[in-house]
Structures are given as structure tokens and as C-alpha cells.
Amino acid sequence: MKMRAAVLEEFGEPLAVQEVELAEPRAGEVLVRLHACGVCHTDLYTASGADPSGYAPAVLGHEGAGVVEAVGPDVGSLAPGDHVVTLFSPQCRECIHCLDPRTNLCLAIREEQNKGHLPDGTTRISRDGEEIRSFMGCSTFAEYTVMPEIALAKVSPEAPFEHACLFACGLSTGLGAAINTAAVRPGSTCAVFGAGMVGLGAVAGCRLQGAERIICVDLSPQRLELARGQGATDLLEGGEGTVERILEMTGGFGADYTFEATGNVAVMRQAVEAARMGWGLCTVAGVAGRGETLDVVPRLLITGRRIAGSSFGGVKGRDQVPALVDRYLSGEIDLHPFVTHRLGLDEINRGFELMEAQDGIRSVIEFA
Ligand SMILES: NC(=O)c1ccc[n+]([C@@H]2O[C@H](COP(=O)([O-])OP(=O)(O)OC[C@H]3O[C@@H](n4cnc5c(N)ncnc54)[C@H](O)[C@@H]3O)[C@@H](O)[C@H]2O)c1
Ligand SMILES: [Zn+2]
Ligand SMILES: [Zn+2]
């Protein structure tokens with residue numbers, strides 16, 4: 001079938017919206033009609049050419065929500081009409097990692113996904129016979145996508161698509177960092193560094209876990225106000241001296257849990273240093289630049305602080321994304337402030353511009 005898609009032709013160039021060919025779903029695959037898709041830093045990072053593992057031509061986008069249109073052979077868990085959220089982090093429910101509660105890093109399709117292929121090593125998108133690769137296994141800057149069944153979470157049809165798509169990446173990452181990775185205990189003091197989609201999700205996750213005090217640190221006063229809306233009790237403008245201020249606010253000890261959601265290694269260090277001696281746990285969600293390292297004085301670890309990393313918030317997508325969406329539907333999380341711009345697919349490059357200008361939290365592409 002023919003569909004419109006935003007194609008990355010050359011790194012550093014705007015995406016080109018055009019008609020491409022999409023093949024039928026094969027065994028274990030599903031055809032999804034997209035209704036909404038968030039524009040994320042990772043898309044921009046790849047489009048700019050900064051990501052050394054990027055490839056072109058490719059259809060970017062990985063924060064999709066839509067409806068199953070058709071299923072290929074051997075698909076058992078999804079049927080036409082189901083509402084789904086795309087998962088760049090799949091869940092096969094069979095590999096050694098899927099069977100272990102300690103991790104969400106499914107091993108089933110990693111290699112082919114990293115090459116821009118579907119699990120059988122081929123692509124479904126093409127143009128005049130030339131293959132166009134998929135991105136993060138999703139390629140959701142398009143009217144339709146074909147994805148593996150194991151990379152789709154079936155969610156409540158009551159969730160509006162523009163909110164459901166937020167669960168595909170940053171929001172679940174932040175919520176999960178607090179709920180899964182850190183497993184914040186009720187009554188705790190938390191400090192969240194960064195108030196973008198991931199950091200705001202972490203603030204909400206700390207609140208849902210029953211944290212008593214949530215300190216949020218960011219450079220932008222507007223973003224700090226959004227953090228207040230998600231449950232932050234103390235707002236701090238970041239920069240030098242942030243660790244000292246958090247120590248002062250916590251009787252000299254530091255926070256029980258800290259979260260880093262900026263991608264800046266200097267802030268990661270602050271997040272480690274602001275964690276409490278004895279049991280403070282620092283959860284790192286930000287993605288640092290290639291080759292950058294985290295500088296930590298080992299004594300901080302010997303005296304009881306720990307550091308954990310979190311990919312997609314430790315969320316096992318097919319099991320947990322639907323549950324998170326249900327918590328949103330029951331009124332536990334307010335997502336209205338996160339969708340700041342609604343754009344058509346043709347305006348995709350405007351979405352990148354808004355993100356570079358830090359204008360709003362999420363631009364969402366809506367499909368007619
Ligand atoms: N681990 C994962 O699975 C995963 C998933 C999605 C995103 N990420 C990563 O998480 C990070 C955050 O993503 P996002 O979408 O929320 O980004 P974002 O750019 O929207 O938010 C980052 C925030 O950090 C703030 N910031 C910058 N410097 C700061 C400082 N010195 N002190 C305090 N705050 C500071 C910015 O003002 C901004 O509000 C990125 O590195 C992204 O790549 C990781
Ligand atoms: Zn993303
Ligand atoms: Zn698996």
C-alpha cells in the first residue's frame with residue numbers, strides 16, 4: 001500500500017514528507033494505523049547526524065499511538081481495532097531477560113532492530129524498489145507502520161491518542177524510574193534533576209509512590225512550575241551550588257532517592273552527590289554524549305550511596321504500559337500540560353524547531 005511518511009534522506013537536512021510503499025505484515029507482525037506520535041530528542045539526535053549508529057534513508061519516529069488495522073500470520077495477542085502504543089523496548093515474554101523481574105531489556109530482536117530491520121532482517125518500507133529502514137523498530141512519523149507484535153502494548157481504547165503516545169517513551173521512562181528502578185518508598189525525600197518529559201514523569205512517579213518531599217531542579221522557571229503541577233514540593237534553579245542547597249534542605253544528609261533526567265554528566269555527578277549517605281539511590285535516566293564518562297568519588301559509594309541506570313524506566317512494555325495508561329485514565333496523572341503543540345505530519349520539521357527552542361514539553365503529530 002501507499003502511505004505518507006517523513007523520510008530522513010540526509011543527516012542534517014530537514015525530513016522530507018512523501019509517499020512511500022508499505023508491504024503487508026509478515027508472520028508475527030502487525031499493521032498499525034497511527035493516530036498520534038510525539039516528537040522526541042532521539043529523533044532529532046538521529047536526524048542531525050550526531051548519532052554514530054544512525055542510518056538513512058529511514059522513517060523516524062518512535063512515540064506512536066494508533067489502531068491495529070491488520071495482523072500477519074501467527075499473531076495471537078492483537079486483533080484489528082485494538083488500540084496500541086508502540087514500544088522501542090519490546091517484550092517477547094520468552095527470553096532470559098523477559099523471564100527475570102530484574103530487567104526489561106528484552107533480547108529477542110535487538111540486533112536487527114539496531115540495523116533498522118524487522119526481526120526477519122528485512123524492511124517493509126520502500127520507494128521505487130529501494131529499501132527504507134525503520135527507526136528504533138517503530139518508524140511512526142508515517143500514516144501506518146508494520147511492527148512486531150512483541151513491540152506493541154494494547155491499551156485502553158478510552159485513552160485519547162495524543163496522551164497515549166506519551167507513554168511510548170519519556171513519560172514511561174520517568175514514571176518507571178521512580179516506580180520500578182528506584183521503587184521509591186512512601187514517606188521518602190526525592191530530588192529530580194531535569195524537568196523535561198522524563199524528569200516530570202519521575203516527579204509524578206515519586207508522588208504516586210507516596211514520597212513526602214519532591215525537590216525538582218531545572219534551569220527553566222516555567223518547567224519548574226510544571227513540576228509543581230506533577231507534585232514537586234520544592235523547586236530549585238539548577239547550576240553550581242545545587243548539591244549544597246539540597247544537603248541544606250535535608251538536614252545535611254541528602255535525598256533518599258535522586259533522579260537524573262538531563263543527559264548532562266556534570267548533573268549526573270550532582271545527582272550522585274545529592275543522594276543520602278547510608279542508602280541514597282541515584283537513578284540515571286539521561287543519555288550522555290558519546291565517550292563521556294561519569295566522575296564519582298568512590299568514597300560516596302563506600303558510605304552507602306548507590307547508582308542505578310534505567311532504560312525505559314525498567315518498564316516491561318506489554319505488561320506495564322497498559323497499567324500506567326489505566327492509572328492516567330483513573331485521574332492519577334494529569335497529562336494535559338505535556339502536549340503543548342499539535343502538528344500535522346507536513347509540519348514535522350517545525351516540531352524539531354520547537355524542541356530546539358525548548359518551546360513546550362511535547363509536540364504531537366496528529367494524523368487526519
Ligand atoms: N533512559 C531512557 O530510556 C530514556 C528515554 C527517553 C529519554 N532519555 C533521556 O533522558 C534525558 C531527558 O529527556 P527529556 O526528553 O526529558 O529532555 P528535555 O531536554 O526535555 O529535558 C531536560 C531538562 O534538563 C534541564 N537541564 C539542563 N541542564 C540542567 C542543569 N544543569 N540542572 C538542572 N536541569 C538541567 C533542561 O532545562 C530541561 O528541562 C535525555 O538525555 C534523553 O536522551 C532516556
Ligand atoms: Zn523518545
Ligand atoms: Zn524478551
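We use all heavy atoms of the structure for the numbers below, so side chains are in, but hydrogens, waters and symmetry mates are not. First listed ligand is number 1; within each ligand, the first listed atom is number 1.
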Can you list the ligand 1 atoms lying under 4.0 Å from a non-hydrogen atom of [X]?
X    : result
G263 : 41 (O)
S311 : 1 (N), 3 (O)
A285 : 1 (N), 2 (C), 4 (C), 8 (N), 9 (C), 10 (O), 44 (C)
C169 : 6 (C)
M197 : 16 (O)
G286 : 9 (C), 10 (O), 11 (C), 41 (O)
F312 : 2 (C), 3 (O)

[X] versus [Y]: any side-chain heavy-atom pair under 4.5 Å?
X    : Y    : answer
V364 : L343 : no
R4   : Y144 : no
V32  : L152 : yes
L301 : R306 : no

Below 4.0 Å from any atom of ligand 1, is there a heavy atom belonging to [X]?
X    : value
N264 : no
F193 : no
Q358 : yes

Lys/Arg-Asp/Glu bridge criterion (N-O < 4.0 Å) met for [X], [Y]:
X    : Y    : value
E112 : K115 : yes
D218 : R223 : no
E225 : R228 : yes
R342 : E162 : yes
R127 : E9   : yes
R124 : D120 : yes
R269 : E273 : yes

- Message: Inside 2.8 Å of the Zn ion (ligand 3) but strictly below it, how many protein N/O/S atoms are present?
- Response: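 Total protein N/O/S atoms under 2.8 Å from the Zn ion (ligand 3): 4.
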Decide if atom [atom1] of [X] counts as having more than 12 heavy atoms of other residues, nucleotides or ligands within a radius under 6.0 Å.
X    : atom1 : answer
R350 : CZ    : no
E292 : CD    : yes
Q18  : CD    : yes
F253 : CZ    : no

- Query: Between H83 and F161, does the ring centroid distance fall short of 6.0 Å?
  - Reply: yes
- Query: How about F312 and F88: are their ring centroids closer than 6.0 Å?
  - Reply: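 Between F312 and F88, the centre distance is under 6.0 Å.
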- Query: By residue and atom, what protein N/O/S atoms are less than 2.8 Å from the Zn ion (ligand 2)?
  - Reply: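 Near the Zn ion (ligand 2), the protein supplies C40 SG, H62 NE2, E63 OE2, C169 SG.
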Report yes if [X] has an N/O atom closer than 3.5 Å to an N/O atom of ligand 1; otherwise report no.
X    : answer
S220 : no
V198 : yes
T42  : no
H41  : yes

Among all protein heavy atoms, pick out the one at the shortest distance from [atom]; state its residue, atom name and that distance to 0.1 Å.
atom                    : value
atom 37 (O) of ligand 1 : D218 OD1, 2.6 Å
atom 4 (C) of ligand 1  : T173 CG2, 3.7 Å
atom 42 (C) of ligand 1 : V287 N, 4.3 Å
atom 28 (N) of ligand 1 : L219 CD1, 3.5 Å
atom 26 (N) of ligand 1 : T262 CG2, 3.8 Å
atom 22 (C) of ligand 1 : A261 O, 3.6 Å
atom 21 (O) of ligand 1 : G196 CA, 3.3 Å

- Message: Please state which option from M355, E237, R223 has its nearest heavy atom closest to atom 20 (O) of ligand 1.
- Response: R223
- Cluster question for you: counting only ILVMFWY and a side-chain heavy-atom cut-off of under 4.5 Å, with indirect links fine, are V315 and I333 together? yes
- Between the NE2 atom in H163 and the CG atom in L166, the distance rounded to the nearest 0.5 Å is 6.5 Å
- Task: Mind checking the CD-CG spacing from E69 to D82? Nearest 0.5 Å is all I need.
- Result: 12.5 Å
- Cation over ring, R133 on Y55, under 6.0 Å and within 45°? yes
- Which bit of V267 gets closer than 4.0 Å to ligand 1, counting heavy atoms only: side chain, backbone, both or neither?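 Under 4.0 Å from ligand 1, V267 contributes side-chain atoms alone.
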